[in-house]
Colleague: 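One structure follows; several queries about it will come next.
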Amino acid sequence: MHHFHYRDGTLHAEDVPLTNIAAEVGTPFYCYSTATLERHYRVFAEAFEGTDTLVCYSVKANSNLAVIKTLGDLGSGADIVSEGELRRALAAGIPPERIVFSGVGKQAPELAFALETGIHQFNVESEPELELLSQIASGMGKEAAIALRVNPDVDAKTHEKITTGKAENKFGISWLQAPRVYARAAELPGIKVAGVDVHIGSQLTDLAPFEEAFTRVASMVEELRAAGHDITRLDLGGGLGIPYRGTNDVPPPPADYAAMVKRTVGHLDCQLMFEPGRMIAGNAGILVVNVIFEKHGEDRSFLIIDGAMNDLIRPTLYDAYHDIQPVTETAPGEPRITYDIVGPICETGDFFAKGRALSAQKPGDLLAVLSAGAYGAVQASTYNTRPLVPEVMVNGSQFTVIRPRPSYDAMLEQDRLPDWLTK
Ligand code: LLP
């Protein structure tokens with residue numbers, strides 16, 4: 001469910017016509033809907049009502065301060081993977097006791113900063129990280145509450161670049177080695193064993209892999225408790241998929257996911273932590289682009305748009321499908337043209353969609369690339385010296401720029417000429 005709908009023939013974000021934003025901000029731009037963000041957070045959190053739950057929005061999906069604060073104001077915590085994300089979460093007002101630090105390569109200064117801040121939990125992904133955290137924490141006279149991220153060797157059946165819970169993936173500690181590493185953690189100074197963490201991948205559209213992983217985690221918790229560890233928290237990660245093709249692919253609703261969670265781990269009486277990213281932000285954002293040219297080749301037609309792979313890399317990186325809708329509603333019976341929708345970047349991989357049937361588009365027409373709220377703006381680059389796309393947030397009938405488009409001067413000022421070139 002999202003709040004991008006046609007009204008009087010024009011696509012709106014909540015109550016704002018996208019044409020109004022385009023006129024003020026220019027294209028391309030990302031546009032986020034507050035009502036959608038809030039709805040997704042609530043649907044997820046409410047599915048666990050009555051259980052001791054901490055929902056830590058996975059900041060990597062969309063780390064704009066306005067997005068984090070919108071969710072934080074509803075009670076969300078934050079799942080962070082770097083000092084930068086931690087600083088964002090704090091700047092957005094997320095209390096440290098609702099922050100969990102994930103990631104496979106945490107560095108000493110990041111760990112020290114997180115300890116200083118007093119975050120809720122470190123999800124430790126390797127023995128060297130455990131030793132480093134112990135050393136830093138004990139040196140600071142602090143105690144770090146930890147979970148080991150276990151790798152349950154479960155196939156998440158998602159795109160190979162976003163699967164994380166197989167033995168061959170770099171993530172976590174093998175579930176076979178975990179009992180030994182927990183024993184080590186228990187004897188280390190500055191470390192307090194608190195829980196078990198698992199995250200098997202992203203954009204999962206089937207509950208079965210989750211169920212397999214959580215069942216494995218449940219028996220591990222019992223084994224760890226029998227060995228004397230005080231396991232009071234379970235972090236079950238993120239990964240719940242979203243519909244990218246309207247009603248044609250409908251992933252399990254949060255209520256079904258919650259029922260499965262309760263079925264597999266409910267009896268353990270742990271605090272349940274979650275790290276949803278895409279499920280909250282994905283369908284709460286779109287990318288609005290402008291048609292530059294319509295070009296008819298030998299055997300296909302191209303729409304060349306002003307958005308490109310540097311702005312939204314998902315189609316070329318993960319073969320991701322994003323629905324694309326004209327901002328001006330297509331009239332019933334209007335003929336369709338099959339287009340390849342491509343950007344201006346000098347790479348064949350610079351496309352948003354191939355063979356997509358749309359009403360005839362002409363230069364200046366606006367298109368909305370849907371489901372771009374997660375892993376869109378955060379994965380953007382300035383390749384081809386294209387300014388980062390601005391981000392706009394809508395709330396009812398209001399909209400505001402939550403990250404402006406940088407000027408070319410600001411971009412060029414980032415570079416420095418060495419002395420030997422300026423003499
Ligand atoms: N927790 C951990 C430890 C993660 O690695 C991730 C995502 C999440 C939570 C959030 O997962 P979600 O609920 O969003 O599925 N750039 C890719 C997705 C990469 C996901 C990385 N980790 C894409 O555009 O599909």
Side-chain angles (χ1 to χ4, degrees), residues 30 37 40-41 43-45 54-63 67-68 71 76-82 85 89 99-106 121-126 129 147-152 156-166 169-173 195-207 209-210 213 217 234-244 251-252 254 257 261 273-285 287 309 311-322 352 369-381:
Y30 277 99
L37 284 169
H40 290 165
Y41 176 81
V43 167
F44 192 87
L54 178 60
V55 179
C56 296
Y57 165 64
S58 193
V59 165
K60 67 168 78 67
N62 185 322
S63 56
V67 171
I68 304 174
L71 298 167
S76 182
D79 160 47
I80 56 109
V81 291
S82 67
E85 284 191 351
I99 297 179
V100 55
F101 196 170
S102 305
V104 76
K106 305 179 193 77
Q121 181 169 301
F122 294 78
N123 288 341
V124 173
E125 298 220 18
S126 65
E129 179 190 337
L148 293 188
R149 176 171 176 181
V150 296
N151 184 325
K157 301 201 168 57
T158 183
H159 190 276
E160 58 160 338
K161 288 195 176 122
I162 51 176
T163 193
T164 55
K166 288 283 289 165
N169 301 135
K170 69 180 175 184
F171 300 97
I173 293 169
V196 178
D197 167 46
V198 66
H199 172 82
I200 58 172
S202 197
Q203 186 53 19
L204 272 72
T205 52
D206 182 5
L207 291 181
F210 283 123
V217 163
L234 278 186
D235 183 340
L236 299 176
L240 195 56
I242 62 164
Y244 278 95
Y257 172 82
V261 167
M273 296 164 59
F274 298 96
E275 303 169 352
R278 188 190 316 262
M279 189 265 144
I280 289 177
N283 279 321
L287 174 63
M309 64 189 277
D311 307 315
L312 178 67
I313 203 165
R314 302 196 69 260
T316 195
L317 191 56
Y318 314 111
D319 313 305
Y321 180 99
H322 284 263
F352 281 177
V369 183
L370 303 193
S371 314
Y375 307 111
V378 285
Q379 296 200 114
S381 77

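Just so you know, these numbers come straight off a predicted model, no measurement behind them. We count ligands from 1, going down the list as the structure has it; atoms in each ligand are counted the same way.
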Colleague: Could you see which bit of D79 sits under 4.0 Å from ligand 1, with heavy atoms only: side chain, backbone, both or neither?
Modeller: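 It is the side chain that touches ligand 1; the backbone stays farther off.
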Colleague: Is there side-chain contact between R314 and Y244, with heavy atoms separated by less than 4.5 Å?
Modeller: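 Side-chain contact under 4.5 Å: yes.
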Colleague: Within this structure, what is the CD-OG distance for the pair E85 and S58, rounded to the nearest 0.5 Å?
Modeller: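 Rounded to the nearest 0.5 Å, the CD-OG separation comes to 7.0 Å.
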Colleague: Indicate, as side chain, backbone, both or neither, the part of F171 found under 4.0 angstrom from ligand 1 when only non-hydrogen atoms are considered.
Modeller: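 Neither; no heavy atom under 4.0 Å.
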Colleague: Are E125 and N123 linked by a side-chain donor-acceptor pair shorter than 3.5 Å?
Modeller: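 There is no such pair between these side chains.
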Colleague: For a quick test of reading the model, state the closest non-hydrogen atom pair linking S102 to D79 and the distance between them.
Modeller: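 Closest heavy-atom pair between S102 and D79: OG-OD1, 2.7 Å.
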Colleague: Taking Y30 for the side chain and D311 for the main chain, is one N or O donor matched with an acceptor at less than 3.5 Å?
Modeller: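 Looks like yes, one N/O pair under 3.5 Å.
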Colleague: Which protein non-hydrogen atom lies closest to atom 24 (O) of ligand 1, naming both residue and atom, and how far is it?
Modeller: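 The answer is R314 NE, 2.6 Å.
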Colleague: Check each atom of ligand 1 against the heavy atoms of G239 and keep those under 4.0 Å away; list them by number with element.
Modeller: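 So the answer, numbered in order with elements, is 11 (O), 12 (P), 13 (O), 15 (O).
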Colleague: Which atoms from ligand 1 have a heavy atom of G238 less than 4.0 Å away?
Modeller: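 Those atoms are 9 (C), 13 (O).
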Colleague: Under 4.0 Å from a heavy atom of R149: which atoms of ligand 1 are those, numbered in the order shown and with their elements?
Modeller: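 Going through ligand 1 atom by atom, the ones under 4.0 Å from R149 are 3 (C).
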Colleague: Using a 4.0 Å cutoff against the non-hydrogen atoms of S202, which atoms of ligand 1 qualify?
Modeller: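 Here the atoms of ligand 1 in question are 11 (O), 12 (P), 14 (O), 15 (O), 20 (C).
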Colleague: Between the side chains of K106 and E129, is the shortest nitrogen-to-carboxylate-oxygen separation below 4.0 Å, so that they form an ion pair?
Modeller: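 Between K106 and E129 there is a salt bridge, with a charged N closer than 4.0 Å to a carboxylate O.
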Colleague: Heavy-atom distance under 4.5 Å between the side chains of P243 and N283, does that happen here?
Modeller: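 Contact flag for P243/N283 side chains = yes.
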Colleague: Between the main-chain N or O of F171 and the side-chain N or O of N151, is there a donor-acceptor pair closer than 3.5 Å?
Modeller: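 Pair found, side chain donor or acceptor close to backbone of F171.
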Colleague: Identify the protein heavy atom lying closest to atom 19 (C) of ligand 1, giving its residue, its atom name and the separation to 0.1 Å.
Modeller: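 Looking only at protein heavy atoms, the one closest to atom 19 (C) of ligand 1 is I162 CG2, 3.6 Å.
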Colleague: Among all the protein's non-hydrogen atoms, which is closest to atom 16 (N) of ligand 1, and how far away is it?
Modeller: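 Here the closest protein heavy atom is Y318 OH, 2.7 Å.
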Colleague: I need the nearest protein heavy-atom contact for atom 20 (C) of ligand 1: residue, atom name and distance, please.
Modeller: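 For this ligand atom, the closest protein heavy atom is Y375 OH, 3.7 Å.
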Colleague: Is there a nitrogen or oxygen of G277 sitting under 3.5 Å from a nitrogen or oxygen of ligand 1?
Modeller: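 The answer is yes, given that G277 and ligand 1 share an N or O pair closer than 3.5 Å.
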Colleague: Hey, is D235 close enough to R149 for a salt bridge, meaning N to O under 4.0 Å?
Modeller: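 So D235 does not pair with R149 through a salt bridge.
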Colleague: Please compare M279, E275, K60 and report which has the shortest non-hydrogen distance to atom 6 (C) of ligand 1.
Modeller: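 That would be K60.
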Colleague: Output the list of atoms in ligand 1 that are nearer than 4.0 Å to some heavy atom of Q379, sorted by atom number.
Modeller: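 Listed by number with element, the hits are 16 (N), 24 (O).
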Colleague: Please list, in number order, the atoms of ligand 1 under 4.0 Å from a heavy atom of P276.
Modeller: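 Result: 13 (O).
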Colleague: Of H199, R278, Q203, E125, which has the heavy atom at the shortest distance from atom 25 (O) of ligand 1?
Modeller: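 It is R278 that holds the nearest heavy atom.
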Colleague: Can you see which heavy atom on R278 is nearest to which on S202, and at what distance?
Modeller: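 Distance-wise, the nearest heavy atoms are NH2-OG, 2.8 Å.
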